[in-house]
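Residue indices begin at 1 and follow the sequence shown. As the structure is a computational prediction, the values presented were derived from the model and not from experiment. Just so you know, ligand 1 is whichever comes first in the structure, and atom 1 is the first atom listed for that ligand.
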Amino acid sequence: MDFQQVFGKPSETKASAPGRVNLLGEHTDYNDGFVLPTAIPQCTTVQLGFSSDSQHHFYSENLNEQVSISDINRNPSGFASYIFGCIEVLQKAGYTIPSLCVYVQSSVPIGSGLSSSAALEVATLRAVRQLLKLPIDDIEIAQFAQQAEIHYAGVQCGIMDQMASSLADTEHILFLDTRTLERRVMPLPEKAEILVIDSGVPRTLASSGYNQRRAECEEAARSLGVKALRDITGTEVTEKLPEPLRRRARHVVTEDNRVLEVLQGVSSERFGELMNASHASLRDDYEVSVPALDTLVELLQKTPGVFGARLTGAGFGGASVALVAAGEARSIATHVLEQYKQAGYIGQILVPSLELSDAA
Ligand code: ADP
Ligand code: MG
């Protein structure tokens, strides 16, 4: 099905936005800290046209699902909530949005921690901006996208995913200060590329575990008398806290420092060491890893050509990210996935995308 077949006429415009993977700076964004995501090659494309009735009509090719927004269905769930959220957030900001036909197609894996949700929001907002010539910049796009996800999809997310989708590309990493939104675009580490492998373990406890960690960080910040853990720079201070707050805070403080070290400019080897240290900290201090992810990350870390590896995303399952020698990601993945299988798990390579290169 294409736009014409679904809506009976050609589209007026289209726009795309990429998914993202976070290289360093995990569980720091809700502590006002620092993150280092990069865009992945997979992206979401949104085609738009004007609706010929008073309703919005949304179609997702990935889900083969169509949803119409009428006056009696103004609280859609599922994928429609992200798109309708973007439209509503623009209306609330004072822009008049006509009824639209929206066609979504994506190569970003959905629900794997590569932020298909932010890609959908940013692509939608870019397409609407283009269609209606709205005077909004890329930062505002990210902010509107985050508002849509929080208020309409009901996900209490930080700003990282939307900023990454709106501002990053696949050749650079985006340093972002999540408190001030100060940012810097830096090249990827030299002679290196990104390898993302899904552990095959679903992120089952992710949302309850995430909320618990968030609450622990808030409590730690309160005990230390600071607005957020970002305001602590050394671990001498966090050592005074009772357990488990001591280890939770130590992760956040050391993780922020790892991101800041990268900002000073580091080699691929050092970047990899920082990723390895990040994984150890997420496993031991933050306790968000699971045996499958530890196995996968260890296999990656001991494979020649790998600078460093860690779990990426909230943890409790999901994906690993590794920095590897340029041109070697595929062969490293094949080797690691074979050993991972012998350990009893089935993983899957997500980046570099097998699908995209088959299509090329
Ligand atoms: P992630 O962002 O890590 O992929 P989320 O749970 O945050 O996972 O977002 C996934 C949700 O976003 C899906 O359940 C769906 O509602 C929506 N979504 C993302 N991409 C698409 C798409 N191409 N078609 C339909 N819905 C999508
Ligand atoms: Mg998401």
Side-chain angles (χ1 to χ4, degrees), residues 1-3 6 14-22 26-27 29-30 35 37-48 56-69 75-87 101-127 142 145-166 168 196-199 201-211 311-321 348 350-351 353 355-356:
M1 296 280 268
D2 59 19
F3 190 97
V6 175
K14 70 173 178 182
S16 298
R20 66 94 188 95
V21 61
N22 191 24
E26 213 64 78
H27 288 281
D29 66 344
Y30 53 84
V35 294
T38 182
I40 59 170
Q42 292 98 322
C43 64
T44 297
T45 300
V46 165
Q47 297 177 64
L48 285 187
H56 296 297
H57 302 282
F58 307 148
Y59 177 81
S60 162
E61 188 183 288
N62 301 83
L63 305 182
N64 186 22
E65 196 181 316
Q66 187 167 348
V67 175
S68 297
I69 310 289
N75 287 307
S77 58
F79 86 102
S81 65
Y82 296 86
I83 303 173
F84 186 57
C86 291
I87 294 172
C101 292
V102 182
Y103 185 101
V104 180
Q105 184 278 325
S106 182
S107 56
V108 183
I110 297 176
S112 293
L114 297 182
S115 214
S116 68
S117 58
L120 174 58
E121 293 145 12
V122 172
T124 299
L125 288 162
R126 281 180 175 169
Q146 182 199 19
Q147 292 306 310
E149 182 143 348
I150 293 175
H151 298 298
Y152 293 86
V155 181
Q156 283 300 323
C157 57
I159 188 81
M160 169 171 69
D161 297 354
Q162 291 79 9
M163 286 289 273
S165 184
S166 186
V196 181
I197 297 179
D198 186 62
S199 69
V201 175
R203 298 173 297 162
T204 35
L205 284 170
S207 62
S208 60
Y210 180 87
N211 291 338
L311 70 83
T312 185
F316 303 99
S320 66
V321 61
Q348 192 196 344
L350 299 178
V351 177
S353 162
E355 261 173 59
L356 290 187

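Scanning the protein for heavy atoms near atom 13 (C) of ligand 1, the closest one is I110 CG2, 3.6 Å. Closest protein heavy atom to atom 26 (N) of ligand 1: F79 CB, 3.0 Å. Protein heavy atom in closest approach to atom 17 (C) of ligand 1: Y82 CE1, 3.8 Å. Of all protein heavy atoms, the one closest to atom 23 (N) of ligand 1 is N62 OD1, 3.1 Å. Residue, atom and distance of the protein heavy atom nearest to atom 9 (O) of ligand 1 are S117 CB, 3.4 Å.
Residue contacts with ligand 1: G113 is placed with a nitrogen or oxygen under 3.5 Å of a nitrogen or oxygen of the ligand (distance criterion only). Checking only distances, S116 does come within under 3.5 Å of ligand 1, N or O to N or O. Below 3.5 Å of separation, one finds no N or O of L63 facing any N or O of ligand 1.
In S60, the part holding a heavy atom less than 4.0 Å from any atom of ligand 1 is the side chain. With a heavy-atom cut-off of 4.0 Å, V155 does not touch ligand 1 at all.
With V6 as reference, M1 is the one residue of M1, Q47, E61 to meet the side chain to side chain contact (heavy atoms under 4.5 Å, CB included) rule. Residue E121 is tested with Q147, Q146, Q162 for a side-chain hydrogen bond (donor to acceptor under 3.5 Å, both in side chains); the sole match is Q162.
Ring geometry for Y103 versus F3: interplanar angle of 30 to 60°, hence tilted. The aromatic rings of F58 and F79 lie perpendicular to each other, with more than 60° between the two planes, well past the 30° mark.
Around the Mg ion (ligand 2), the protein atoms of type N, O or S found under 2.8 Å away are S117 OG, listed by chain and number.
Residue-ligand proximity, S106 to ligand 1, at heavy-atom distances under 4.0 Å covers atoms 23 (N). With ligand atoms numbered from 1 in the order given, ligand 1 contributes 3 (O) to contacts under 4.0 Å with heavy atoms of L114. Every atom of ligand 1 with a heavy atom of G111 under 4.0 Å away is listed here by number and element: 1 (P), 4 (O), 8 (O).
Among L120, V108, V46, the residue whose heavy atom sits closest to atom 27 (C) of ligand 1 is L120.
Using a 3.5 Å distance cut-off with no hydrogens or angles, the side chains of N64 and Y59 do pair a donor with an acceptor.
Looking at heavy atoms from C-beta onward, V104 lies in side-chain contact with I83 at the 4.5 angstrom threshold.
Remark: R20 CZ to S165 OG distance equals 9.5 Å, nearest 0.5 Å.
Under the 4.0 angstrom criterion, atom 6 (O) of ligand 1 counts as lacking any protein heavy-atom contact.
Listed here is the closest heavy atom pair of S320 and T312: C-CG2, 4.0 Å.
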